[in-house]
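Note that the coordinates shown come from a computational prediction; the quantities given were computed from them, not determined experimentally.
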Amino acid sequence: MEFLLKATRESRGKKKLKYLLILACRTLAIAALIFAIARPLVGGFLGWGGAKIDTVILVLDRSASMEQQAKGSRVSKRVSALASVRKSLEGLNNPRLILIDSATGVAQDVPSPDVLEELSSTAATDTHASIPSLISSAIDYVLDKSPGRTEIWVASDMQVSDWAPQQGRWEAINTGLKDLPQKTTLRVLSLASPPENNMAIRVLASRRKANELVLDLELVRSESEGAAAIPITYSVNGTRTADKVTINGQSYRFQKRLPLGKLDGNGHGFVSIPSDTNVRDNVSFFAYGEDSPTQTYIVSEGGETTDWLALASAPPGLDRSKSVRMTPGSAHEIDWQSASLVVWQAPLPEGPVAQELTRFIESGGAALIFPPRGESDVAYLGINWGDQSISPRGQYFIIDEWDEADGPLRNGLEGTRIPVPKLKSIKRRAIEGDATLLASWDDDQRFLVRRVIGDGTAVFISTLPDYTWSNLADADVLLPVVQRMIAKGDTRFGSAFAAIAGSKKAQTTEGEIRSRLDTHAKSNSSNAPYEAGVWKLGDRLLATNRPKSEDQWQILTSNNLNSLFEGTSFKLFEDKGQSDSLAREIWRAFLIAMLVFLITEAILCLQPKVKKSKS
């Protein structure tokens with residue numbers, strides 16, 4: 001009897017488990033059917049979601065750095081991003097696509113994702129990208145056009161200079177994203193792999209000196225270990241020469257002099273290195289004009305200071321260098337158009353003269369400013385002279401620290417140091433105000449500071465080349481400082497022949513016709529304003545190049561990105577260079593799962609066969 005009761009209980013338990021399994025399979029089949037009808041998406045970029053997207057706004061970074069080959073791939077980051085976006089849009093049933101590219105900044109309709117990679121507005125350029133401005137343009141588009149359920153996709157290599165995290169615009173951008181009337185999702189497609197096996201060359205300055213062309217050049221490479229001999233091609237007015245330069249470390253600056261013979265007038269050319277993982281930074285273009293004398297204006301209170309400054313600005317043997325001495329009262333007579341450097345040793349300028357000097361600096365000129373002998377309470381460019389101090393008897397103020405990589409006290413192109421420790425002073429004035437410190441005395445007081453205003457530079461020095469003040473007149477320090485400031489100001493004349501690709505200066509004005517002069521490459525006419533090269537724009541000769549920031553390869557980290565979008569929801573997808581779709585529809589998988597559950601349910605519902613008893 002006990003055996004029969006136990007068997008009955010086991011039979012009831014098995015039946016109950018079977019019914020539960022049947023119910024679970026039925027429930028899971030219904031759930032799978034619901035998910036299949038919803039057509040969900042899966043992927044690191046898009047996550048889960050079934051709601052229909054009406055519009056995708058693609059913010060495309062097509063700056064020069066986006067031509068770096070993606071890691072593990074032979075295609076550029078830009079091409080990889082476009083392929084991923086195209087595949088993703090196909091998986092979303094092709095919503096309306098709006099493109100905002102970093103070169104033009106203009107929103108345009110793209111008729112089909114299939115043509116995305118063929119558009120001139122997605123092609124390679126030598127420009128810079130301003131991601132804050134582009135996202136702001138996307139926000140404005142949503143506000144103006146009300147495009148329904150919208151997603152903003154930002155495709156970028158995450159270069160710090162493009163994202164500009166130091167700008168104060170990000171708070172307004174976050175507020176704008178949160179306040180959009182339609183539901184808008186922000187997604188970031190990151191192609192942030194650091195450059196590998198890449199080298200860039202840049203022309204820092206070009207100028208004609210008599211029958212020679214003087215080029216200041218810089219090489220930068222992604223790897224800094226070991227020495228490397230780099231072949232360099234120089235093309236001047238169609239004539240090519242070549243040599244090799246050895247680079248140690250990550251960057252190397254050097255000067256190249258090329259003979260011009262008896263060629264007169266303007267000229268142009270380029271320098272290039274062999275192709276590597278980013279062809280956009282393997283060439284740099286230049287143009288130059290007639291050789292013009294270097295003119296320095298010395299505004300001084302007089303005395304031996306004026307003599308030493310005049311000698312340093314126009315030393316014997318430099319016939320093309322001239323200096324003009326003036327008193328503070330005659331400073332309004334300066335010919336600002338011909339000046340390379342203005343040396344000011346007097347109470348700081350004010351009134352119309354100060355305004356003219358500021359405009360001169362902003363246009364690319366250089367100013368070297370020394371303290372007056374007497375007291376002065378005038379401020380200029382946010383700087384004013386403080387109290388005069390005198391060293392204890394038998395002691396001197398000496399320079400303790402100075403910047404050997406930047407500024408007028410930097411080391412020479414071959415690494416030669418300026419003998420700054422030789423400078424000794426018994427008198428000085430305090431430099432007060434906000435400026436970049438480039439050298440300091442041994443008691444941490446400032447010796448030399450710099451203010452960058454517009455395209456030019458103003459340098460303040462706290463002592464005088466006067467032996468009652470210091471031995472600055474010995475020329476160990478004064479001569480290189482003055483000559484480097486002249487060279488700095490002299491670039492304003494060459495700047496008339498140079499521009500950044502995509503800048504306003506690189507655009508044609510009314511009546512101008514654009515034609516390319518260099519022989520390095522042919523140009524896409526629709527992209528010509530955004531490409532580096534040498535151009536004839538009407539009567540203008542102009543060499544355009546990528547911005548310097550495109551050779552600065554610092555990458556924005558995920559933590560930095562989270563800080564920029566603090567309080568704003570966004571999705572991040574890291575493209576590994578495989579051009580994969582950013583999303584996949586998985587409704588078929590749910591249909592298959594539903595069938596599996598239904599078949600399992602049917603099997604569980606089958607009744608066991610009843611064995612016939614033998615009679």
Side-chain angles (χ1 to χ4, degrees), residues 294-316 318 321-335 339-351 353-354 356-357 360 366-381 383-393 395-399 408-409 420 422-432 439 441 445-449 458-486 489:
T294 296
Q295 191 114 302
T296 300
Y297 286 89
I298 302 172
V299 180
S300 174
E301 296 173 313
E304 68 175 272
T305 295
T306 310
D307 297 332
W308 295 121
L309 290 172
L311 186 61
S313 59
L318 294 182
S321 299
K322 296 181 180 180
S323 62
V324 180
R325 308 185 190 202
M326 313 188 81
T327 63
S330 60
H332 63 277
E333 299 176 5
I334 293 175
D335 182 1
S340 297
L341 172 66
V342 172
V343 181
W344 192 280
Q345 187 279 303
L348 291 170
E350 51 187 331
V353 173
E356 289 289 346
L357 181 57
F360 163 74
L368 188 56
I369 302 176
F370 292 89
R373 288 188 171 82
E375 300 296 327
S376 174
D377 57 0
V378 177
Y380 177 66
L381 300 180
I383 303 293
N384 60 280
W385 298 111
D387 295 334
Q388 183 185 101
S389 56
I390 301 176
S391 65
R393 187 175 182 83
Q395 299 182 31
Y396 302 98
F397 301 120
I398 59 175
I399 304 299
L409 294 177
V420 177
K422 288 186 177 181
L423 177 62
K424 298 176 181 178
S425 174
I426 57 175
K427 284 185 185 179
R428 67 183 184 189
R429 281 199 181 278
I431 303 175
E432 300 176 349
W441 300 102
Q445 294 296 309
R446 298 194 282 186
F447 165 66
L448 187 149
V449 303
V459 166
F460 293 76
I461 294 179
S462 64
T463 192
L464 294 177
D466 182 319
Y467 285 105
T468 63
W469 283 64
S470 72
N471 66 345
L472 185 58
D474 284 354
D476 292 311
V477 176
L478 183 65
L479 182 61
V481 166
V482 172
Q483 288 299 314
R484 286 174 173 181
M485 291 298 290
I486 290 174

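Between the CG atom of L472 and the CG atom of L479 there is a distance of 11.0 Å, given to the nearest 0.5 Å. Note that CG of L341 and CZ of R484 are 14.5 Å apart. Values are rounded to the nearest 0.5 Å. The CG atom of L368 sits 9.5 Å away from the OG1 atom of T296 when rounded to the nearest 0.5 Å. From R428, atom CZ reaches atom CZ of F397 across 4.0 Å, with rounding to the nearest 0.5 Å. A distance of 6.0 Å separates CZ of R446 from CD1 of I383, quoted to the nearest 0.5 Å. Atom CE of M326 is separated from atom CD1 of I334 by 5.5 Å, given to the nearest 0.5 angstrom.
Listed here is the closest heavy atom pair of P465 and W308: O-CD1, 3.1 Å. Minimum heavy-atom separation, F460 to I431: O-CD1, 3.8 Å. Heavy atoms only, all atoms of each residue included: W385 and S462 are closest at CZ3-CA, 4.1 Å. P328 approaches A346 most closely through the heavy-atom pair CG-CB, 3.6 Å. The minimum heavy-atom distance linking L357 with A367 is given by the pair CD1-CB, 4.4 Å.
The salt bridge (Lys or Arg N to Asp or Glu O under 4.0 Å) test applied to E356 returns R359, not counting sequence neighbours. Shown here are the salt bridge (Lys or Arg N to Asp or Glu O under 4.0 Å) partners of D307, two or more places apart in sequence or in another chain: R325.
More than 12 heavy-atom neighbours from other residues, nucleotides or ligands sit within 6.0 angstrom of CD on E304. Sparse packing is recorded around NZ of K424, with 12 or fewer heavy atoms of other residues, nucleotides or ligands lying under 6.0 Å away. Counting non-hydrogen atoms of neighbouring residues, nucleotides and ligands closer than 6.0 angstrom, the OH atom of Y467 exceeds 12 such neighbours.
Between I426 and Y396, some side-chain heavy-atom pair lies under the 4.5 Å cut-off. Looking at heavy atoms from C-beta onward, L478 lies in side-chain contact with L309 at the 4.5 angstrom threshold. No side-chain heavy atom of D476 sits under 4.5 Å from any side-chain heavy atom of L423. In this structure the side chain of M485 never reaches within 4.5 angstrom of the side chain of S313, judged on heavy atoms. Counting only heavy atoms from C-beta outward, the side chains of Q345 and L464 approach each other to under 4.5 Å. Side-chain atoms of S425 and W441, non-hydrogen and from C-beta on, do get closer than 4.5 Å to each other. Taking the side chain as every heavy atom from C-beta outward, I461 and V481 approach each other to under 4.5 Å.
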Could you list the donor-acceptor pairs under 3.5 angstrom formed by side chains in residues 371-378, with sequence neighbours left out?
residue : atom : partner : partner atom : Å
R373    : NH1  : G302    : O            : 3.3
R373    : NH2  : T305    : OG1          : 3.0
R373    : NH2  : D466    : OD2          : 3.0

Show the numbers, then the answer: is there a side-chain contact (heavy atoms from CB on, under 4.5 Å) between Q388 and W469?
CA-CA 11 Å; Q388 183 185 101; W469 283 64; 3.5 Å; yes

Going through the checks in order, is the side-chain hydrogen bond (donor to acceptor under 3.5 Å, both in side chains) test met by S300 and T306?
CA-CA 6 Å; S300 174; T306 310; 2.7 Å; yes

